Amino acid sequence: MTRPGALAFSARVLRRQLVLAVRRPVEIGNPLLFFAMVVALFPLGLGPAPAQLSLFAPGILWIIALLSNLLTSDAVFRGDFEDGALEQLLLAPQPLFLSVLAYICAHWLVTGLLLALVSPVFAVMLHMAPAGIAALVLSLLLGTAVLSLVGGIGAALTVGLRRGGMLISLLILPLYMPVLIFGSAAVQAALSGLAAGPYLAILGAMLCLGMALAPLAIAAALRISVDA
Amino acid sequence: MTRPGALAFSARVLRRQLVLAVRRPVEIGNPLLFFAMVVALFPLGLGPAPAQLSLFAPGILWIIALLSNLLTSDAVFRGDFEDGALEQLLLAPQPLFLSVLAYICAHWLVTGLLLALVSPVFAVMLHMAPAGIAALVLSLLLGTAVLSLVGGIGAALTVGLRRGGMLISLLILPLYMPVLIFGSAAVQAALSGLAAGPYLAILGAMLCLGMALAPLAIAAALRISVDA
Amino acid sequence: MWSFFHKLGSPPWLYAISGSILRWLLPATLLALAVGLAWGLLFTGPEARQGNSYRIIYIHVPAAVVALAGYYVMAIAGAVNLIWKMKMADVAMKSAAPIGAALTFIALVTGAIWGKPTWGTWWVWDARITSMLILLFLYLGVLALYEAFDNKAAAGKACAVLSLVGMVNIPIIYKSVDWWYSLHQPASIKFIGQSTIDSSMLHPLLLMIAAFYALFTCCLLLNMRAELLQREARTNWVKKLAVAADSRG
Amino acid sequence: MSRPGPGALCTLGEAGGPLLAARDVSLERGGRQLFTRLSFEVHGGHLVQIEGANGAGKTSLLRILAGLSRHGFEGRVQRGAALLYLGHASGVKGLLSPRENLAWHVAGEGSYSAAQIEAALAAVGLYGYEDVPSNTLSAGQHRRVNLARLHLSRSPLWLLDEPFTAIDRRGVGELEELLVAHAERGGAVVFTSHQPLRVNYDVRALCLLRGLLP
Amino acid sequence: MSRPGPGALCTLGEAGGPLLAARDVSLERGGRQLFTRLSFEVHGGHLVQIEGANGAGKTSLLRILAGLSRHGFEGRVQRGAALLYLGHASGVKGLLSPRENLAWHVAGEGSYSAAQIEAALAAVGLYGYEDVPSNTLSAGQHRRVNLARLHLSRSPLWLLDEPFTAIDRRGVGELEELLVAHAERGGAVVFTSHQPLRVNYDVRALCLLRGLLP
Amino acid sequence: MWEALSQKLYFHSIDALLAMDGHGTFVWSAYLITVVVVAAILIAPRRRQRRFLRRLAGEIKRARGDRANVREDI
Ligand code: HEM
Ligand SMILES: Nc1ncnc2c1ncn2[C@@H]1O[C@H](COP(=O)(O)OP(=O)(O)OP(=O)(O)O)[C@@H](O)[C@H]1O
Ligand SMILES: Nc1ncnc2c1ncn2[C@@H]1O[C@H](COP(=O)(O)OP(=O)(O)OP(=O)(O)O)[C@@H](O)[C@H]1O
Ligand SMILES: [Mg+2]
Ligand SMILES: [Mg+2]
């Protein structure tokens with residue numbers, strides 16, 4: 001009997017992470033509810049004039065998506081670190097950066113993907129013009145994947161720290177900013193009748209770069225964290 | 001030799017929590033840096049024009065203070081739950097609601113208080129008019145204390161759940177909303193030349209109510225969480 | 001060549017050589033700073049539009065330039081640490097971070113102070129200013145991450161990974177912020193154009209930039225020396241040094 | 001092992017009454033009846049070892065006795081004295097030193113001098129480790145920080161869940177002596193352990209039979 | 001205990017070479033020299049017990065041998081075969097059932113049938129608990145989910161950190177037999193424990209002397 | 001030489017230098033903050049080094065002293 005190949009192993013990791021997520025539906029619902037609630041906070045805090053809100057809707061939606069990604073990133077590896085599963089992953093013969101990619105992928109599936117899919121509802125709540133909705137969904141789809149990759153780096157770096165708590169936000173928020181800029185710019189462009197394509201292309205390019213580099217950084221960071 | 005009284009014991013709890021916070025200065029700096037970074041996110045998402053930013057400044061600052069409180073609330077009891085210290089606290093002969101108040105107090109000192117004190121800097125960065133700054137600081141001082149109390153209830157309820165992470169936001173965000181409304185209203189009032197006093201008074205009343213009721217709720221919630 | 005690298009890895013040698021470098025570099029730096037400051041403050045005329053407030057340029061621009069360069073120094077030291085496992089690179093990286101953060105802070109604060117008389121506001125969300133703010137966050141992130149680890153060998157490696165990731169991102173951040181700014185074009189605030197700077201103002205500015213580079217080097221070496229001693233506390237050469245320093249008083 | 005703490009135990013209940021009494025305690029968990037109508041009394045001088053296979057319900061019983069589980073079981077538990085419970089989780093903070101941890105652990109019970117704290121740590125073999133952060137301690141040392149409480153405790157009733165876990169051979173011997181000494185002074189200990197105690201004392205066994213299926 | 005897994009061990013190194021070799025391994029932690037210039041080889045058929053007081057450095061050594069600690073020590077470690085490491089933390093997910101946990105734990109090593117998984121769980125006494133969420137298991141049962149891996153493992157080299165913790169008396173006996181059986185099949189086990197093994201086999205002891213100060 | 005230099009001086013009185021045509025507060029506070037921060041990053045490592053060496057010397061002395069005491073005891 002031979003060892004499972006790297007891809008088969010990653011697929012198993014992915015499946016396990018998804019099963020774990022589905023076991024606690026709260027986990028899946030939470031980012032969405034957070035999204036919904038913060039969307040509700042904005043009219044409360046800023047004053048509910050529809051004109052202003054719709055003007056800022058793309059930015060607000062993107063900022064919330066970013067925060068909700070930030071909040072969940074922290075937990076990507078924490079559970080596995082605490083119960084020793086991470087040690088086992090490091091010792092497995094399969095290459096670490098591939099299995100790590102499966103973790104990120106699972107994270108994106110249960111946060112970014114879902115968020116992107118429900119975002120039109122919230123866009124409507126903030127009176128965003130329908131013209132921007134396609135761009136919003138697409139930019140969120142691409143952008144949250146980049147966010148998950150970058151967030152994974154932060155999570156891997158801080159997973160060994162007791163009470164790393166908010167440190168992760170300090171580490172990765174600066175890296176999130178380009179995504180925010182192009183993401184909200186794409187929606188703005190679509191709203192003002194311009195082509196969102198170039199911005200989406202840039203997000204796609206970031207995603208490719210992230211896919212190539214982030215798993216390596218995450219794998220290195222995990223080895224360091226487990227060693228510490 | 002007699003047992004230490006309830007107040008002396010609470011003072012010890014408070015001291016210990018502060019020592020723990022000071023041992024990791026990162027912990028104290030983090031909410032502030034988070035504040036600073038999210039302040040920077042808004043211009044990136046909404047656009048850098050000073051006029052628009054200053055319009056939204058009170059709301060934005062209050063929303064960020066709220067989020068930063070929300071993010072740290074989760075950890076108030078978690079460490080103690082995981083390492084068994086909470087069980088010991090429950091078994092201690094001193095009344096639980098007093099010791100619990102010390103936890104909340106420590107949390108407020110290292111998040112809310114510091115946040116309120118540095119908030120003028122961020123107000124200037126968002127081009128808020130100087131007229132609102134006093135109201136901002138005062139409303140944050142009062143409001144974050146209420147937020148810490150309410151956040152403590154959520155933390156106590158979810159501490160027993162593995163990866164309760166975002167559940168807490170779900171539980172307590174609705175309770176945060178009145179604070180947000182009155183807090184940002186106080187600043188808005190001061191900015192438009194009206195008296196901020198009534199709003200601050202309402203915040204103060206909320207604080208009194210919270211001080212009286214929240215510790216009881218937290219104590220009960222902790223007993224339930226440890227039992228489960 | 002190889003023997004040089006080998007020596008670089010030897011703490012006593014590095015301690016000695018950095019000592020002899022500092023012996024002339026430190027006075028030279030202080031002198032250059034003094035001359036540059038005097039030149040800029042006393043011997044140049046006011047700028048046509050901004051009057052005397054432009055004199056802040058002699059600290060603002062050097063600090064900003066060196067702060068940015070400092071990040072690359074830090075990240076490259078981190079890469080060397082990760083790839084060749086050189087302990088000295090770790091020391092260098094750890095020592096560069098606080099200096100870079102301090103210089104970024106200077107650039108931000110002097111910029112903000114300069115903005116008040118020139119633009120009438122302490123802060124604008126200009127592309128360059130915003131990316132400088134992000135640079136400060138990157139520095140603070142490295143510092144905080146280092147502090148958060150108990151195991152300092154692991155801390156060094158983790159910070160190396162972080163600063164490398166940051167280095168890949170700095171151009172992206174800069175470009176994106178630039179783009180964002182030109183996209184919105186909120187106000188007609190612009191830096192004074194590079195071309196308008198008069199050569200009588202340019203020369204002291206160049207001197208100050210050189211002086212800040214030297215200052216960065218001095219601080220880096222000083223930090224590295226202190227760090228080296230602490231890491232080598234159990235070796236004989238450090239013990240001898242301690243005894244000698246003690247007997248000197 | 002010398003006892004750094006002072007002698008007298010503080011009793012709360014009426015003199016002569018049991019320190020702990022369980023009446024008809026039954027527990028069902030996950031569809032399995034773990035124990036049914038358990039009744040017993042623990043008096044001063046008793047050393048009670050709860051035995052049983054993995055999953056028999058030892059930890060569950062101990063938590064009921066301590067008052068940490070207050071719902072989900074049947075029967076009544078009466079506590080006649082102040083108690084000290086040490087569970088699987090130790091409550092030792094990684095960021096605090098053993099000295100600070102211990103000082104904090106006993107803060108609820110009374111005020112102890114720095115010398116007493118130090119002596120208790122030395123008594124569990126942590127001399128020289130008083131001021132390192134606790135998260136750099138080994139598994140056994142971590143556990144010992146916790147056990148140092150026993151040297152200072154004035155509670156007559158100790159409830160200990162697997163106190164010998166991770167402790168080395170010599171430490172186990174010392175701990176056994178400590179338990180016996182406590183019982184001899186009129187205290188009582190209820191503990192779980194998979195190993196029999198090797199002491200000259202009448203250890204009462206409380207056997208929980210169910211547990212792992214054969 | 002019957003072995004549900006199939007027989008052959010998969011060896012990676014050259015036949016006849018040591019499964020594990022440490023050369024001049026020294027470690028200093030927290031200003032204390034834990035061990036100095038430790039050199040040893042582990043061959044097939046060896047059963048090596050690392051002994052030492054609390055804080056002697058057993059866990060640290062095992063993590064170095066496993067390759068989890070890669071910095072901060074001196075010397076070299078050569079691994080000649082696939083290894084299985086079980087540390088203090090078990091990697092058992094509370095939300096998954098023992099069956100799912102085990103299936104996932106062995107996923108990196110090979111593909112096992114459902115019947116093999118089930119047999120391994122039964123072999124560690126978890127029959128009837130295969131499908132409950134693992135966070136409702138008792139301490140010993142939790143640990144047993146982990147030990148079930150040993151029944152399926154094809155790695156010749158096992159590194160086990162205190163495998164007997166929280167296991168009841170009968171379980172300890174079965175586990176001891178399992179270790180011996182593994183050694184007899186040509187595998188090797190390096191483990192830490194505070195109790196001596198009660199088996200008929202030549203157990204080599206590796207004593208780490210420092211540790212708690214006297 | 002001094003004369004040549006002083007002729008090139010832009011400000012001709014201390015007051016003028018301090019006031020800088022109304023921009024004095026800004027310029028001087030910027031310079032002051034810079035000087036403070038630069039001084040801090042120059043001094044901090046030296047202080048750290050000096051403290052560390054003193055502590056180490058103390059430890060060495062104590063270790064020697066202890067050994068001397070032991071010899072006396074015997
Ligand atoms: C907080 C506010 C400010 C920050 C963070 C900031 C940051 C920077 C940075 C990063 C540079 C780049 C140096 C390089 O090219 O590598 C720079 C250059 C410069 N800054 Fe600022 N600055 C600020 C405010 C100001 C103000 C208010 C002025 C003047 C009105 C100003 C004038 C200049 C000039 C003249 C240069 C050099 C010429 C150039 O490259 O364009 N800055 N600043
Ligand atoms: N991160 C760390 N930093 C500094 N010292 C450490 C660290 N981790 C462990 N130590 C020290 O190393 C020593 C050995 O620890 P280790 O966990 O290897 O001991 P052990 O032999 O496994 O003990 P036990 O029987 O208690 O499990 C201890 O004295 C401990 O204080
Ligand atoms: N939260 C829970 N929900 C359902 N069943 C539970 C729960 N907690 C424990 N159990 C079950 O109760 C039984 C007893 O658990 P307990 O922890 O008391 O055992 P124990 O005797 O301490 O075993 P060990 O020797 O392994 O520590 C176990 O079979 C376990 O599966
Ligand atoms: Mg148990
Ligand atoms: Mg150990």
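No experiment lies behind these values; they were computed from the predicted model shown. A, B, ... follow the sequence lines: proteins, then strands. Residue 1 opens every chain.
For V168(C), the part lying under 4.5 angstrom from a heavy atom of chain A is the side chain only. Heavy-atom distances place the side chain of I202(A), and not its backbone, under 4.5 Å from chain C. Looking at L209(A), the atoms closer than 4.5 Å to chain C (heavy atoms on both sides) all sit in the side chain, from C-beta outward. Interface remark: L173(A) contributes no atoms to any contact with chain C (heavy atom separation under 4.5 Å). The contact between I153(A) and chain C is made entirely by side chain atoms (from C-beta outward), counting heavy-atom distances below 4.5 Å.
In this structure, OG in S139(A) is found 6.5 Å from CG in L200(A), a value given to the nearest 0.5 Å. Annotation: the span from S10(C) atom OG to L228(C) atom CG amounts to 9.5 Å, rounded to 0.5 Å.
Comparing L157(A), V150(A), L175(A) by how many heavy-atom pairs each has under 4.5 Å with chain C, the most go to L157(A). Between chain A and the residues I173(C), V177(C), L140(C), the largest count of heavy-atom pairs under 4.5 Å involves I173(C). Note on L170(A), L213(A), I224(A): by heavy-atom pairs under 4.5 Å with chain C, the leading option is I224(A). Counting heavy-atom pairs under 4.5 Å between each of C159(C), G141(C), G166(C), A153(C) and chain A puts G141(C) at the top.
The existence of a salt bridge linking R231(C) and D90(C) is confirmed by a sub-4.0 Å separation between a basic side-chain nitrogen and an acidic carboxylate oxygen. Taking the charged nitrogens against the carboxylate oxygens, R223(A) and D227(A) have no contact shorter than 4.0 Å, which rules out a salt bridge.
With a 6.0 Å radius and a threshold of 12 heavy atoms from other residues, nucleotides or ligands, W237(C) has its CH2 atom above the threshold.
Counting all heavy atoms, side chain and backbone alike, L205(C) lies closest to I57(C) at CD1-O, 3.6 Å.
Looking at M88(C), K157(C), M74(C) one by one, the single match for side-chain contact (heavy atoms from CB on, under 4.5 Å) with M93(C) turns out to be M74(C).
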